[in-house]
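Accompanying notes for the structure given below.
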Amino acid sequence: MKLVVVSAGLSVPSSTRLLADRLAKATAARVPAEVAVVELRDLAVEIAHNFTNGFPGRALAAAIEAVTQADGLIVVTPVFSASYSGLFKSFFDVLEQGVLAGKPVLIAATGGSARHSLVLEHALRPLFAHLRAVVVPTGVYAASEDWGAEGLAERIERAAGELAGLMTGLAAAGPARDARSASAADGSAEVSADGSAVAPAEGSVRRPREAVAQSATAGRVARTDGFQVVPFEQQLAALRTR
């Protein structure tokens with residue numbers, strides 16, 4: 001699996017990059033993943049040129065490809081004017097529509113004061129919800145006074161665990177989804193109530209794929225009020241294939 005970290009820190013050294021590294025380390029400790037870091041500071045000129053000529057430079061194209069192919073994202077921005085930085089927003093503006101759909105994302109931010117902690121809920125979470133990403137419940141904000149204080153390490157560990165869980169769930173759902181699609185296509189398998197393929201019993205008659213599809217839909221209806229109950233992993237997988 002691939003874990004990509006997008007850091008919008010500007011200074012060297014950067015507290016934004018420090019938080020990004022700690023989140024990546026905590027996540028990689030829970031799920032086997034190749035970690036790649038995208039430093040937006042180094043892409044500022046190419047991002048600006050992309051807006052004016054419509055073509056990404058070599059480094060920006062590589063960063064876009066890394067984000068597109070990632071199984072999970074960690075995005076960290078410094079707080080500028082009570083929101084994410086312009087450089088941070090500009091990078092996600094140049095991505096093609098839909099590339100983040102269904103992708104697990106951990107949001108984080110750094111600032112000089114704890115008063116800006118709501119930037120996670122007022123700016124970052126709505127942005128990635130609009131991009132149709134799946135944002136983990138716990139966002140991580142680190143003010144200047146949080147470094148070395150109690151609480152930050154626990155938030156990092158909790159958020160990393162949530163991201164790792166989503167990445168693992170999607171990875172496990174992928175092969176199962178492919179198997180179900182293949183079985184339904186050739187009519188060689190039934191579909192159980194949870195959407196998994198079941199081999200037909202000996203002597204049974206194969207049914208047309210339309211009947212199998214209807215059986216799959218009917219099997220997922222677990223309520224009498226007309227609503228379908230679809231496993232969460234299938235919902236995420238469906239978002240990623242749109």
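Bear in mind the structure is a predicted one, so any value in this text is a computation, not a measurement. Numbering of residues begins at 1 and proceeds along the displayed sequence.
- Taking every heavy atom of both residues into account, Val38 and Ala63 meet most closely at CG1-CB, 3.8 Å.
- Taken from NZ in Lys89 to OG in Ser83, the straight-line distance is 9.0 Å, to the nearest 0.5 Å.
- Put simply, Val76 and Val134 are part of the same group of oily side chains (I, L, V, M, F, W, Y) that touch within less than 4.5 Å, one to the next.
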TODO: Could you give me the CA-CA distance, side-chain angles and deciding distance for Arg41 and Val12, then say whether side chain to side chain contact (heavy atoms under 4.5 Å, CB included) is met?
DONE: CA-CA 10 Å; Arg41 176 183 63 242; Val12 180; 3.8 Å; yes
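- A chain of hydrophobic side-chain contacts below 4.5 Å, direct or via other Ile, Leu, Val, Met, Phe, Trp or Tyr residues, connects Val37 to Ile156.
- Atom CD of Glu121 is separated from atom OH of Tyr141 by 13.0 Å, given to the nearest 0.5 angstrom.
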Open item on the list: Would Ile107 and Leu127 count as a side chain to side chain contact (heavy atoms under 4.5 Å, CB included) here? Give the steps.
Closed with: CA-CA 10 Å; Ile107 56 174; Leu127 170 63; over 6 Å; no
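- Distance CD1/Ile64 to CG/Asn50: 6.0 Å, rounded to 0.5 Å.
- Put simply, Phe91 and Leu124 are part of the same group of oily side chains (I, L, V, M, F, W, Y) that touch within less than 4.5 Å, one to the next.
- No continuous path of ILVMFWY side-chain contacts below 4.5 Å connects Met167 to Val99, so the two sit in separate hydrophobic clusters.
- Of the possible polar contacts, one joining the Thr52 side chain to the His49 backbone as a donor-acceptor pair under 3.5 Å is found.
- Taking CG from Leu18 and OG1 from Thr110, the interatomic distance works out to 9.5 Å, rounded to the nearest 0.5 Å.
- Of all non-hydrogen atoms in Ala142 and Leu19, the two that sit nearest each other are CB-CD2, 4.1 Å.
- Note that CZ of Phe88 is 11.0 Å distant from CD1 of Ile47, once rounded to the nearest 0.5 Å.
- Proximity of a side-chain donor or acceptor of Glu157 to a complementary backbone N or O of Glu154 within less than 3.5 Å is not detected.
- Side chain to side chain, Ser7 and Thr16 fail the donor-acceptor criterion of an N or O pair below 3.5 Å.
- In terms of heavy atoms, Ala8 sits closest to Ser85 at CB-OG, 3.9 Å.
- Contact check on Glu162 versus Arg30 returns no salt bridge, with no Lys/Arg side-chain nitrogen under 4.0 Å from an Asp/Glu carboxylate oxygen.
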TODO: Using the side chain to side chain contact (heavy atoms under 4.5 Å, CB included) rule, take Phe80 and Leu87 through it: C-alpha gap first, then chi angles, then the decisive distance, then the call.
DONE: CA-CA 10 Å; Phe80 284 6; Leu87 179 60; over 6 Å; no
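- Ion pairing between Lys25 and Asp21 fails under the 4.0 Å rule for side-chain N and carboxylate O.
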Task: Stepwise side chain to side chain contact (heavy atoms under 4.5 Å, CB included) check, Thr77 with Val119 - done: CA-CA 10 Å; Thr77 178; Val119 69; over 6 Å; no
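- The distance from the CG atom of Leu40 to the CG atom of Leu60 is 9.5 Å, given to the nearest 0.5 Å.
- Between the side chain of Arg132 and the main chain of Lys103, no donor-acceptor pair closer than 3.5 Å is present.
- Within 6.0 Å of atom CZ in Phe55, 12 or fewer heavy atoms from other residues, nucleotides or ligands are found, so the atom counts as exposed in its surroundings.
- In terms of heavy atoms, Val4 sits closest to Val67 at CG1-CG2, 4.1 Å.
- For the residue pair Ala33 and Leu3, the shortest heavy atom distance occurs at CB-CB, 4.0 Å.
- Counting heavy atoms from C-beta outward, Leu95 and Leu100 have side chains that approach closer than 4.5 Å.
- Within 6.0 Å of the CD atom in Glu145, the count of heavy atoms belonging to other residues, nucleotides or ligands exceeds 12.
- Residues Val136 and Leu120 fall into different hydrophobic clusters, defined by Ile, Leu, Val, Met, Phe, Trp and Tyr side chains chained together at heavy-atom separations under 4.5 Å.
- Residue Leu163 forms a side-chain contact (heavy atoms from CB on, under 4.5 Å) with just one option from Thr27, Leu73, Leu23, Thr138, and that option is Thr27.
- Taking both residues in full, the closest heavy atoms of Ala26 and Ala160 are given as CB-CB, 3.5 Å, listed atom of the first, atom of the second, then distance.
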Task: ring-ring contact (aromatic ring centres under 6.0 Å, His included) assessment of Phe128 paired with Phe92 - done: CA-CA 9 Å; Phe128 288 96; Phe92 290 100; 5.0 Å; yes
